[in-house]
Asks: 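One structure is given below, represented as structure tokens, and several questions about it will come after.
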Amino acid sequence: MNIYVVMKRTFDTEEKIEINNGVIDEEGAEFIINPYDEYAIEEAIVLRDEHGGEVTVVTVGDEEAEKELRTALAMGADQGVLIDVEDLDEEPDHFTIAELLAAYFKDKEYDLILGGNVAVDDGAGQVAPRLAEKLGINQVTTITDIKINGTSATIERDDEGDVETVEAQLPLVATAQQGLNEPRYPSLPGIMKAKKKPLETIDLDDLDLDEEDVAAKTRTVDRYLPPEKEAGRMIEGGPETQVDELVGLLKNEAKVL
Amino acid sequence: MAKKVLALGEVKDGELRNVSFEAIGAAQTIADGGEVVGVLFGENLQAHAEAMIQNGADRVLIGESSELNVYVTDAYTQALSKVLDEESPEGLVIPHTSAGKDLAPRIAEKLNSGLVSDVVGVEQAGDEIIFTRPIYSGKAFEQKSVTEGTVFATIRPNNVAAPAKDESRSGDITAVDVSISDLRTTIKDVVKKSTGGVDLSEAKVIVAGGRGVKSAEGFKPLEELADVLGGAVGASRGACDAEYCDYSLQIGQTGKVVTPDLYIAAGISGAIQHLAGMSNSKVIVAINKDPEAPIFEVADYGIVGDLFDVIPLLTEELKKVKTEA
């Protein structure tokens, strides 16, 4: 089975966000594999071990993302691909990323393309369904279980807390939801092996694309931090007094009752 | 400049979700005096279509098919594409729900258009429509506009104002012939886990428990409080990891991001990942034994105390308030 994972490098979820003139300050921040993409990588490895084949992890970014690709290889993926967009003049958007990935997949054979259902930084979740549409293939989002049976997959997906079981034809784009699995940590031998695994870097020229082919269709006007919240009010006293006062405040001050 | 804008409503389990009206509200801002066309898919849509009109749509298109009763990617993509082909709108709004998140990017790619997802605010600035959306799970915000294609956004439930209901409004309700074929995914089974009936993402009140709840049994008082308030129960990752409750209840950076009017955090310390999922709630109440718990930094009202004392008392007190009202 040919399994691909589309991955994004993101800020560590512990990081505090700082913004200067509408630009997110990345100085000194820790980066990780997007946690939802980690589920996708883990699932790809498990499915390959069961059905045979190869796992290729693809990311769009700059050379910094090689670190996260190596982590994926250390977990057990077979090869990594970096689509390098460092030379792009304009800021890419979801359309840009989907076009780049679609161009990469044009001459590939794939049974399953996995990804996270959303990236924890941008939180849009657009790229995977856009890619599926561009490739003209099936999609199932927010999956929590997947079994491959020949030319189709039996999938459990999260639908706002409900569990939907579906039968989906391959080839398929599927996006991971929390609960799909528990991603492994790279082992020391895994890390050693990863150093020798193939990691290919390609750019727009390699994909026969011009910058205007992938030009963003949205514009970021501004980025900012939410206003600091004023210190809240601590309600003193025993439980009865506290509850009485709280109910009064919710009713008369906050007006939410 | 006046535009024609489509607002997709969402019917789930036979009910028209409130976010459908919020989509009309967003569409009105984008339309700038132009026409807002509601769109509904499923069966038995007449009454829902009338509700869309009373809540601000100028007319409504309904695509009736048994294959559209439950959301399936291919079926909805085909149905909405048909409507878009016929109407060629300049704007499109879809709810940022489980279905909308799956559908909208696919439609955007089909339209060769930009899309701004998970929008919490819509405003007009000159000829441009500016969408505000949270990033880094609400730790920051960005404002975006669509520069090419359809002015297209998905809106997060509970954030964009719905137009006021006006029962005297009237408008055309037109059936659209939607023929669905070649579905590549079929639904075999659905297990309902959201027992309370109030969906976390649309809940006006959420009572959430953390490790301090101590057991699955410990969630009972929280459920009773949520019942009295007509709200939903949520949880921190800690409570889910400890198996006190299902992961479907998890609120946080991984998990659901919620913005209710009232968020009551009980026994939740307030790790940064949890705060990311709820800190934009309108009013936050924190109940925790530890006065140093970080949750108090985002709380509007804090109670240092034992949740097992405070929550039942609060439930009783609110019952009284509700019967008085």
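Lettering follows sequence order; numbering is per chain, from 1.
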Asks: What part of D118(B) gets closer than 4.5 Å to chain A, counting heavy atoms only: side chain, backbone, both or neither?
Replies: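 Side chain only.
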Asks: Where does S137(B) contact chain A at under 4.5 Å (heavy atoms): side chain, backbone, both or neither?
Replies: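 When you check distances to chain A, atoms from both the backbone and side chain of S137(B) fall under 4.5 Å.
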Asks: Please classify the contact of A254(A) with chain B as side chain, backbone, both or neither, using a heavy-atom distance under 4.5 Å.
Replies: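 Answer is both: backbone and side chain atoms of A254(A) are under 4.5 Å from chain B.
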Asks: Check whether F141(B) gets within reach of chain A through its side chain, its backbone, both or neither, counting any heavy atom under 4.5 Å.
Replies: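 Contact with chain A: backbone and side chain both.
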Asks: Can you check side-chain contact (heavy atoms from CB on, under 4.5 Å) on D74(B) and N138(A), steps first, answer last?
Replies: CA-CA 8 Å; D74(B) 281 348; N138(A) 198 9; 4.2 Å; yes
Asks: If you measure from the Lys or Arg side-chain nitrogens to the Asp or Glu carboxylate oxygens, is any gap between D122(A) and R133(B) under 4.0 Å?
Replies: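 The answer is yes: the pair qualifies as a salt bridge.
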Asks: Heavy atoms only: give me the nearest G114(B)-T218(A) pair and the separation to one decimal.
Replies: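 Minimum heavy-atom contact is CA-CG2, 3.9 Å.
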Asks: If you compare all heavy atoms of T147(B) against all heavy atoms of A216(A), which two are closest, and at what distance to 0.1 Å?
Replies: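 Nearest heavy atoms, T147(B) then A216(A): OG1-O, 4.0 Å.
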Asks: Can you check whether E148(B) reaches F95(A) side chain to side chain, under 4.5 Å on heavy atoms?
Replies: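 No, side chains not in contact.
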Asks: What residue among V191(B), V70(B), D189(B) forms side chain to side chain contact (heavy atoms under 4.5 Å, CB included) with E164(A)?
Replies: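 The residue from V191(B), V70(B), D189(B) that satisfies side chain to side chain contact (heavy atoms under 4.5 Å, CB included) with E164(A) turns out to be V70(B).
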Asks: Counting heavy-atom pairs under 4.5 Å to chain A, which of T77(B), L314(B), I107(B), D261(B) comes out on top?
Replies: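 Counting heavy-atom pairs under 4.5 Å, the top option is L314(B).
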Asks: So which residue, A132(A), G179(A), G125(A), ends up with the most heavy-atom pairs under 4.5 Å with chain B?
Replies: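 So the answer, after comparing A132(A), G179(A), G125(A), is A132(A).
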Asks: Heavy-atom distances under 4.5 Å only: say whether Y224(A) touches chain B with side chain, backbone, both or neither.
Replies: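 Both the backbone and the side chain of Y224(A) come within 4.5 Å of chain B.
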Asks: Counting heavy-atom pairs under 4.5 Å with chain A, which one of T154(B), D246(B), V285(B), V190(B) comes out on top?
Replies: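 When all of T154(B), D246(B), V285(B), V190(B) are compared, V190(B) has the most.
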Asks: Would you call E160(A)-R17(B) a salt bridge at under 4.0 Å N-O?
Replies: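 Result for this pair is yes, salt bridge flagged.
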Asks: Side chain, backbone, both or neither: which part of A153(A) has a non-hydrogen atom closer than 4.5 Å to chain B?
Replies: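 No part of it gets close to chain B.
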Asks: What part of P291(B) gets closer than 4.5 Å to chain A, counting heavy atoms only: side chain, backbone, both or neither?
Replies: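 Nothing of P291(B), per the 4.5 Å heavy-atom cut-off to chain A.
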Asks: Which answer fits L246(A), side chain, backbone, both or neither, if we ask what part of it has an atom under 4.5 Å from a heavy atom of chain B?
Replies: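 L246(A) touches chain B through side-chain heavy atoms alone.
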Asks: Using the rule given for side-chain contact (heavy atoms from CB on, under 4.5 Å), can you reason through L115(B) versus R130(A), listing the C-alpha separation, both sets of side-chain angles and the distance that settles it, and then say yes or no?
Replies: CA-CA 11 Å; L115(B) 162 65; R130(A) 275 184 180 269; 3.7 Å; yes
Asks: Using heavy-atom distances under 4.5 Å, tell me whether R156(B) contacts chain A through its side chain, its backbone, both, or neither.
Replies: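 No part of it gets close to chain A.
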Asks: Checking the side chain of Q139(A) only, and the main-chain atoms of D102(B) only, is there a donor and an acceptor separated by less than 3.5 Å?
Replies: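 Looks like yes, one N/O pair under 3.5 Å.
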Asks: Under a 4.5 Å heavy-atom cutoff, which of A104(B), A99(B), S113(B), S201(B) has the most pairs with chain A?
Replies: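 Answer, by heavy-atom pair count under 4.5 Å with chain A: S113(B).
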Asks: Tell me, side chain or backbone of Q242(A) under 4.5 Å from chain B's heavy atoms, or both, or neither?
Replies: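 Interface part for Q242(A): both.
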Asks: Go through the steps for I24(A) and Y136(B) under the test side-chain contact (heavy atoms from CB on, under 4.5 Å), then give the verdict.
Replies: CA-CA 10 Å; I24(A) 307 279; Y136(B) 299 89; 3.5 Å; yes
Asks: Mind ranking V146(B), N280(B), I287(B) by heavy-atom pairs under 4.5 Å with chain A and telling me who comes out on top?
Replies: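 Answer, by heavy-atom pair count under 4.5 Å with chain A: V146(B).
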Asks: Heavy atoms only, distances under 4.5 angstrom: which of K204(B), R106(B), Q250(B) has the most pairs with chain A? Name it, please.
Replies: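 The candidate making the most pairs under 4.5 Å is R106(B).
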Asks: Looking at E316(B), E297(B), K256(B), which makes the most heavy-atom pairs under 4.5 Å with chain A?
Replies: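 Most pairs with chain A among the choices: K256(B).
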Asks: Less than 4.0 angstrom from a charged side-chain N to a carboxylate O is my criterion; do E167(A) and K188(B) meet it?
Replies: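 Looking at E167(A) and K188(B), the cut-off is not met.
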Asks: Would you say the side chain of T73(B) lies within less than 4.5 Å of the side chain of V140(A), judging by non-hydrogen atoms?
Replies: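 Side-chain contact under 4.5 Å: no.
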Asks: Please lay out, stage by stage, how L250(A) and V321(B) fare under the test side-chain contact (heavy atoms from CB on, under 4.5 Å).
Replies: CA-CA 11 Å; L250(A) 291 177; V321(B) 173; over 6 Å; no
Asks: What part of D306(B) gets closer than 4.5 Å to chain A, counting heavy atoms only: side chain, backbone, both or neither?
Replies: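 Interface part for D306(B): neither.
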Asks: Write down the atom of E240(A), the atom of L313(B), and the distance for their closest heavy-atom approach.
Replies: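 Taking every non-hydrogen atom into account, N-CD1, 3.9 Å.
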Asks: Does any heavy atom of chain A fall under 4.5 Å from the side chain of A299(B), the backbone, both, or neither of them?
Replies: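 For A299(B), backbone heavy atoms alone lie under 4.5 Å from chain A.
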Asks: At a heavy-atom separation under 4.5 Å, does I235(A) approach chain B through its side chain, its backbone, both, or neither?
Replies: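 For I235(A), backbone and side chain are both near chain B.
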